[in-house]
Amino acid sequence: MFICLSLLFAFTLFLSVFSSKLRNAASLGIGLTFCMGFLIIGNKEYLGGETLPDLQMYKEFFLQKENIDNIELSWSFLKNIVKAFGGTFAVFLMIYGFIYLYTNYKAIWACSSNVYLSLVFFYSYFFLLHGVIQMRAGVASGFFFLSIIPLYNKKLISFILLSACACFFHVSSLLVLPLYFFNPYRINLPLYLCISLFGIFLVFFDWMNIISLISFIPDNMVQTKVLGYFLYSDTDVFNLKDCLGVLLRIPIIILLLLHLDILRRKNKYVILLLKIYIYGLLLFFLMVNTVPIVAGRMFEFFQIVEVVLFPLLIYCFPQKKLGYMCMLAFAITIFFFKTFKLLQ
């Protein structure tokens with residue numbers, strides 16, 4: 001698995017560096033990365049699947065004849081269709097993989113000001129996390145990512161339909177709905193700077209009693225999921241490593257906010273993306289002291305906007321080429337650190 005991921009990531013690096021020289025061939029290369037990612041997801045069981053979290057559990061769920069209560073309707077729906085046509089677990093994985101890649105590629109193509117560099121960051125971490133491991137949450141994040149386009153254009157019906165598709169694949173997508181009330185064109189810069197700077201102090205307070213809030217959730221499946229995460233979380237001791245990765249992103253958020261005048265001329269979605277990013281950050285800080293697993297999953301879900309935001313960091317450097325080199329080095333560091341961590 002590591003070799004396949006490394007080859008795919010190296011190919012995206014190659015496209016990113018030589019896209020201007022390759023021209024039309026670079027566009028074909030984007031299609032090739034899609035095919036390579038699709039094949040990895042569909043055949044992950046044979047590419048070192050024993051090292052992947054949850055894969056065997058997913059396979060057992062697929063082989064069970066009866067539907068599973070505490071899992072999204074999309075799982076049972078697609079499983080029954082695949083089995084009706086005599087399909088295998090690999091076919092089932094390919095369906096998830098195609099939906100995941102299609103939604104993310106379409107969102108990147110529409111939102112990113114540098115598609116090639118966005119693909120580098122996409123394959124540095126998110127492909128393995130959401131495409132290969134957390135496939136249900138991955139498809140949901142793809143629909144959420146795609147919903148940013150109608151969200152920016154204030155097309156309510158399109159946004160609701162895409163959000164509903166996300167919820168169909170993973171219940172955590174319900175947290176997408178409040179985003180409709182975000183103003184995608186203006187931002188209160190001092191307010192969002194304060195949230196980014198001082199949000200960390202929220203982790204030292206138990207702001208919400210998750211157990212008491214569970215009873216207000218109308219869906220039993222969601223209640224069971226949240227309670228399960230709570231019971232498996234170590235709530236007695238707060239561990240700084242649970243939020244270290246998020247803390248390291250605060251300086252990046254501040255840097256982007258301080259260069260917003262330049263960045264909004266490069267990418268019209270930047271204000272909305274930053275608000276979503278900080279929204280995910282705030283959710284993390286509010287919950288990490290009580291349910292670190294839920295907090296981490298929530299931030300990972302909204303973290304997908306990094307594939308558009310991080311390439312914009314090149315405009316924060318005095319020389320664009322220097323910024324580009326730094327972003328490539330940053331992506332390479334993320335790839336090796338996250339890949340070894342997730343596959344260990």
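Within 6.0 Å of atom CZ in Phe317, more than 12 heavy atoms from other residues, nucleotides or ligands are found, so the atom counts as buried in its surroundings. Counting non-hydrogen atoms of neighbouring residues, nucleotides and ligands closer than 6.0 angstrom, the NZ atom of Lys155 reaches no more than 12 such neighbours. Within a 6.0 Å radius of CD1 in Ile3, other residues, nucleotides and ligands contribute 12 heavy atoms or fewer.
Put simply, Leu117 and Leu28 are part of two different groups of oily side chains (I, L, V, M, F, W, Y) that touch within less than 4.5 Å, one to the next. If you chain together hydrophobic residues whose side chains sit under 4.5 Å apart, Leu258 and Ile314 fall into the same group. Both Leu197 and Leu260 are part of a single hydrophobic cluster, where members link through side-chain heavy atoms under 4.5 Å apart. The cluster map of Ile, Leu, Val, Met, Phe, Trp and Tyr, joined by side-chain heavy atoms under 4.5 Å apart, puts Leu7 and Leu128 in different clusters.
Note on residues 325-336: no pairs pass side-chain hydrogen bond (donor to acceptor under 3.5 Å, both in side chains), not counting sequence neighbours. Legend: salt bridge (Lys or Arg N to Asp or Glu O under 4.0 Å) pairs involving residues 316-342, not counting sequence neighbours: none detected.
Tested against Phe330 for a side-chain contact (heavy atoms from CB on, under 4.5 Å), the candidates Ile332, Ile334, Leu328 yield a single pass: Ile334. Of the residues listed (Phe335, Tyr116, Tyr100, Trp109), the one engaging Phe122 in a ring pair (Phe, Tyr, Trp, His ring centres under 6.0 Å) is Tyr100, and it is the only one. Trp75 pairs with exactly one of Phe62, Phe169, Tyr58 by the ring pair (Phe, Tyr, Trp, His ring centres under 6.0 Å) rule, that one being Tyr58.
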Identify every side-chain donor-acceptor pair in residues 141-153 under 3.5 Å, counting partners at least two apart or on other chains, and give the distances.
unit_1, atom_1, unit_2, atom_2, d
Ser141, OG, Gly138, O, 2.7
Ser147, OG, Phe144, O, 2.5
Asn153, ND2, Ile149, O, 3.0

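Classified by interplanar angle (parallel below 30°, tilted 30° to 60°, perpendicular above 60°), the ring pair Phe38/Phe34 is parallel. Aromatic ring orientation, Phe336 versus Phe2: tilted (interplanar angle from 30° to 60°).
Listed here is the closest heavy atom pair of Phe299 and Leu281: CD1-N, 3.8 Å.
The salt bridge (charged side-chain N to carboxylate O under 4.0 Å, His left out) check on Lys59 picks up Glu45, with sequence neighbours excluded. Residues that satisfy the salt bridge (charged side-chain N to carboxylate O under 4.0 Å, His left out) test with Glu306, not counting sequence neighbours, are Arg249.
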Trace of the side chain to side chain contact (heavy atoms under 4.5 Å, CB included) decision for Ile187 with Leu257: CA-CA 10 Å; Ile187 187 171; Leu257 287 170; 3.9 Å; yes
Trace of the side chain to side chain contact (heavy atoms under 4.5 Å, CB included) decision for His170 with Gln134: CA-CA 10 Å; His170 206 276; Gln134 299 174 8; over 6 Å; no
Audit row: Leu13, Tyr123, side chain to side chain contact (heavy atoms under 4.5 Å, CB included) steps and yes/no: CA-CA 10 Å; Leu13 285 173; Tyr123 282 105; over 6 Å; no
Intermediate values then yes/no, side chain to side chain contact (heavy atoms under 4.5 Å, CB included), Phe127 and Ile40: CA-CA 10 Å; Phe127 175 72; Ile40 289 174; 4.1 Å; yes
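Two residues are said to be in side-chain contact when any heavy atoms from C-beta on lie closer than 4.5 Å; Gln303 and Leu129 fail this criterion. In this structure, Phe9 and Ser124 have side chains that are in contact, with non-hydrogen atoms separated by less than 4.5 Å.
Thr33 contributes a side-chain N or O that, together with a main-chain N or O of Ile30, makes up a donor-acceptor pair within less than 3.5 Å. Of the possible donor and acceptor atoms, one in the side chain of Arg264 sits under 3.5 Å from a partner among the backbone N and O of Tyr185. Side-chain atoms of His130 never come within 3.5 Å of backbone atoms of Phe126 as a donor-acceptor pair (strictly under, hydrogens ignored). With Ser16 contributing its side chain and Thr12 its backbone, the two residues share no donor-acceptor pair below 3.5 Å.
Interatomic distance, Ile262 CD1 to Leu256 CG, rounded to the nearest 0.5 Å: 11.5 Å.
Grouping Ile, Leu, Val, Met, Phe, Trp and Tyr residues whose side-chain heavy atoms lie under 4.5 Å apart, directly or via other members, places Leu161 in a hydrophobic cluster with Ile157.
In this structure, Lys79 is not positioned above the aromatic face of Phe89 in the sense of NZ or CZ being under 6.0 Å from the six-membered ring centre and within 45° of the axis.
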